[in-house]
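We use all heavy atoms of the structure for the numbers below, so side chains are in, but hydrogens, waters and symmetry mates are not. Letters A, B, ... are given to chains in the order of the sequence lines, protein chains preceding strands, and every chain is numbered from 1. Bear in mind the structure is a predicted one, so any value in this text is a computation, not a measurement.
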Amino acid sequence: MCGKFSTLLLNICIGSLCKARRLDKAEFVVVDGIRLGCLPDVVTYNTLIAAYCRFVDFDQAYLIVSRMKEAGVKPDVVTYNTLMAGASRHNLPSQCQYLFQDMSKNGVVPDEWSYNTLMHCLFNCGYPEVAFKIFSDMNSSSVSPSIITYNTLINGYFKSGRAVNAVMAFRRLQKFGFSPELVTYNTMLHGLFKSGKRGQARRIYKEMRESGIAPNAATYTTAMKCWFRSRNFEDGLDIFSEMMSRGYTSDVFAYCTVISALAKRGKTEDARVCIRQMLKNGQGIDLACYNALIYAYCKEKNMNDALLLLNEIEEAGLECDGYTYSTLVDGFCKLGDFSSAMNQMRVMETSGLNPNLVAYNSLIDGLCKAGMVDHALSIFKMMRTRDSFSYSALLHGLCKVGRFHVASKFLLICARKGINVLKSSKRAVLRGLRCSGFGRDAKKLKAAMWKAGFLHYEK
DNA sequence: TTAGGGTTAG
């Protein structure tokens, strides 16, 4: 008869196989175990569910749950948390919420992980209000929040555009009995940087260093990006050197950030040196790195080499994505080669990717700059979503050909929808109306923009 | 369960 010891061994074996992604083999071991009288327990099933969620398919994970129930093994809190993490990873907020409710219905009490996972999923999928509600439910439950809960909350504040609340939560951590840890600082650094608060981000980085917490690869990469964007290129490279000297020598994210920064400064040869260094280190080059290099070639108007990289991507067994094609579309648009740009849009479609907002925006910008405003307008009308880039590019194009009244209509749409556009676009429309003898219309437009609070939207 | 990379306007 199979005892607890044998089940423990079975679980260790299943754990290693799942970790190595050998799920078929793991399933065979389970079957063999059953044949020998060693019945899988809740840990065995939870391990399999986690592996199916992570490496295969969410539906397959549910099949394991059915098998588990048929075998008379009751799902526990870990089963639910694992499924919720899977739902979160697959961006399925309703599924995640359903699992959370279902667990209570089945007499399983949610723990801190359950609350954290649900909050994270809801924030990530764009439901901050529901996520806040979960946080408040957690506080009124018997489950205590942890530093991970607060890290998730701070990240959620940033993701939902509430940087001020994120900073407040960070500053109040000690009041709640916690001290910021590495992930807290990394979340703050990244959140502040993404919210455009680069000065505050740099201060947080300094504060972290002074607190004695050692940065990791994520800290260095975010800090570098922040420094590069703040036009402190040399300081950004110093951070990269420090990162290398601290032994983070094979981090593909960091290399990718540096390659992109070099490319933006037109240092294509240095970007190539980086790639060579990566190959020398035995590092795999992933699609993001290739995309950064394609961008470097496009930037120096070397479309031939950019296109040649597509073959390399294929040879490396990778598949081009939206970044690859939109970078190429932009490269061709900047050269005024709209036929090749459109060709890349078609390739994108035949590859099963919908031409994205960036590709369309590049097309609009390129067409406007080439004076083909009507063509740009027809593309603009076709677009399902438009953002600040789309409107700014179009406004500039319309102003360039003197169509200030049409531009003024689009500007009012932006004001009404709260879509911010470049300061220069707003100025171009107002100045254009005034200079072409429509001073009264300019005044009316300015008044309407003030009324909509649109003139305060300066970045 | 929480944190990092790659594309577009001026």
Peer 1: Specify whether A:Phe380 and A:Tyr391 have parallel, tilted or perpendicular ring planes, treating 30° as the upper limit for parallel and 60° as the lower limit for perpendicular.
Peer 2: perpendicular
Peer 1: Nearest whole Å is fine: how far is B:dG10 C1' from A:His396 NE2?
Peer 2: 6 Å
Peer 1: A:Ile419 CD1 to B:dT8 C1': how many Å, rounded?
Peer 2: 16 Å
Peer 1: Counting the atoms with a prime plus P, OP1 and OP2 as sugar-phosphate, which does A:Thr117 contact under 4.0 Å by heavy atoms, base, sugar-phosphate, or nothing?
Peer 2: sugar-phosphate
Peer 1: According to a strict under-4.0 Å criterion, is A:His190 in side-chain N/O contact with OP1 or OP2 of B:dT2?
Peer 2: no
Peer 1: What's A:Ser388 touching, base or sugar-phosphate or nothing? Going by heavy atoms closer than 4.0 Å.
Peer 2: base
Peer 1: Of all the nucleotides listed (B:dT7, B:dA3, B:dA9), which has the minimum atom distance to the side chain of A:Thr187?
Peer 2: B:dA3
Peer 1: How is A:Leu363 classified with respect to the nucleic acid when contacts are heavy atoms under 4.0 Å: base, sugar-phosphate, or nothing?
Peer 2: nothing
Peer 1: Remember a base hit wins even if backbone is also touched, and classify A:Asn81 as base, sugar-phosphate or nothing at under 4.0 Å, heavy atoms.
Peer 2: nothing
Peer 1: Can you tell me how far P of B:dT2 sits from OH of A:Tyr150, to the nearest Å?
Peer 2: 19 Å
Peer 1: Choosing from B:dA9, B:dG4, B:dT7, which nucleotide comes nearest the side chain of A:Ser326?
Peer 2: B:dT7
Peer 1: Would you mind telling me which of B:dG4, B:dG5, B:dT7 lies closest to the side-chain atoms of A:Lys225?
Peer 2: B:dG5
Peer 1: So which of A:Tyr150, A:Phe100, A:Tyr80, A:Phe135 actually passes ring-ring contact (aromatic ring centres under 6.0 Å, His included) with A:Tyr115?
Peer 2: A:Phe100
Peer 1: Please work out whether the ring planes of A:His190 and A:Phe193 are parallel, tilted or perpendicular, with thresholds of 30° and 60°.
Peer 2: tilted
Peer 1: NA contact type, A:Ala217, heavy-atom cut-off 4.0 Å: base, sugar-phosphate, or nothing?
Peer 2: base
Peer 1: Do A:Trp113 and the base of B:dT1 stack face to face, with centres under 5.5 Å apart and an angle between planes under 30°?
Peer 2: yes
Peer 1: Side chain of A:Val183 only, heavy atoms from C-beta on: which candidate in B:dA3, B:dA9, B:dG5 is closest?
Peer 2: B:dA3
Peer 1: Counting distance alone, no hydrogens or angles: does the base of B:dG4 have a donor or acceptor under 3.5 Å from a partner atom on the side chain of A:Thr221?
Peer 2: yes
Peer 1: Is the shortest side-chain N/O distance from A:Asn155 to OP1 or OP2 of B:dA3 below 4.0 Å?
Peer 2: yes
Peer 1: Any N or O donor-acceptor pair under 3.5 Å from the base of B:dG5 to the side chain of A:Asp286?
Peer 2: yes
Peer 1: Atom CG of A:Leu335 to atom P of B:dT8: distance rounded to whole Å?
Peer 2: 14 Å
Peer 1: The side chain of A:Phe253 lies closest to which of these nucleotides: B:dT1, B:dA9, B:dG4?
Peer 2: B:dG4
Peer 1: So if I take every side-chain heavy atom of A:Tyr295 and compare against B:dA9, B:dT7, B:dG5, which nucleotide ends up nearest?
Peer 2: B:dT7
Peer 1: Can you tell me if A:Lys334 touches the phosphate of B:dT8, counting only side-chain N or O atoms and a distance under 4.0 Å to OP1 or OP2?
Peer 2: no
Peer 1: Counting only side-chain nitrogens and oxygens, does A:Lys400 get under 4.0 Å of the OP1 or OP2 atom of B:dA9?
Peer 2: no
Peer 1: To the nearest Å, how far apart are A:Asn186 CG and B:dA3 P?
Peer 2: 10 Å
Peer 1: Whether A:Lys264 contacts B:dT7 is assessed here as follows: a side-chain N or O lying under 4.0 Å from the phosphate OP1 or OP2. Is that the case?
Peer 2: yes
Peer 1: Going by the angle between their ring planes, with limits at 30° and 60°, are A:Phe132 and A:Tyr157 parallel, tilted or perpendicular?
Peer 2: tilted
Peer 1: Starting the side chain at C-beta, find the nucleotide from B:dA3, B:dT7, B:dT8 nearest to A:Tyr323.
Peer 2: B:dT7
Peer 1: Among B:dG4, B:dA9, B:dT2, which nucleotide has an atom closest to any side-chain atom of A:Glu181?
Peer 2: B:dT2
Peer 1: Could you check whether A:Val252 gets within reach of a base, just the sugar-phosphate, or nothing at all, counting any heavy atom under 4.0 Å?
Peer 2: base
Peer 1: Between B:dA3 atom P and A:Met119 atom CE, what is the distance in whole Å?
Peer 2: 12 Å
Peer 1: Under 3.5 Å, is there any donor-acceptor pair linking the side chain of A:Asn216 to the base of B:dG4?
Peer 2: no
Peer 1: Quick check for you: among B:dT2, B:dG4, B:dT8, whose closest atom lies nearest to any side-chain atom of A:Asn361?
Peer 2: B:dT8
Peer 1: From C-beta outward on A:Ser260, which listed nucleotide comes closest to its side chain: B:dA3, B:dT2, B:dT7?
Peer 2: B:dT7
Peer 1: Scan side-chain atoms only and decide if A:Asp111 and A:Asn81 contain a donor-acceptor pair under the 3.5 Å cut-off.
Peer 2: yes
Peer 1: Please tell me whether A:Thr152 and A:Asn155 have a donor and an acceptor in their side chains that are separated by less than 3.5 angstrom.
Peer 2: no
Peer 1: Specify the separation, in whole Å, of atom CG of A:Asn420 and atom C1' of B:dT8.
Peer 2: 16 Å
Peer 1: Can you tell me if A:Ser388 uses its side chain to pair, donor with acceptor, with the backbone of A:Asn420 under 3.5 Å?
Peer 2: yes
Peer 1: Let's test your reading of the model: under 3.5 Å, does the base of B:dT8 pair with the side chain of A:Asp330 as donor and acceptor?
Peer 2: no
Peer 1: If only side-chain N and O atoms count, and only distance matters, is there a donor-acceptor pair under 3.5 Å linking A:Tyr220 with A:Arg246?
Peer 2: yes
Peer 1: How many whole angstroms separate atom OH of A:Tyr360 from atom C1' of B:dT8?
Peer 2: 15 Å
Peer 1: Just to confirm, is there a sub-4.0 Å distance from OP1 or OP2 of B:dA3 to any side-chain nitrogen or oxygen of A:Thr184?
Peer 2: no
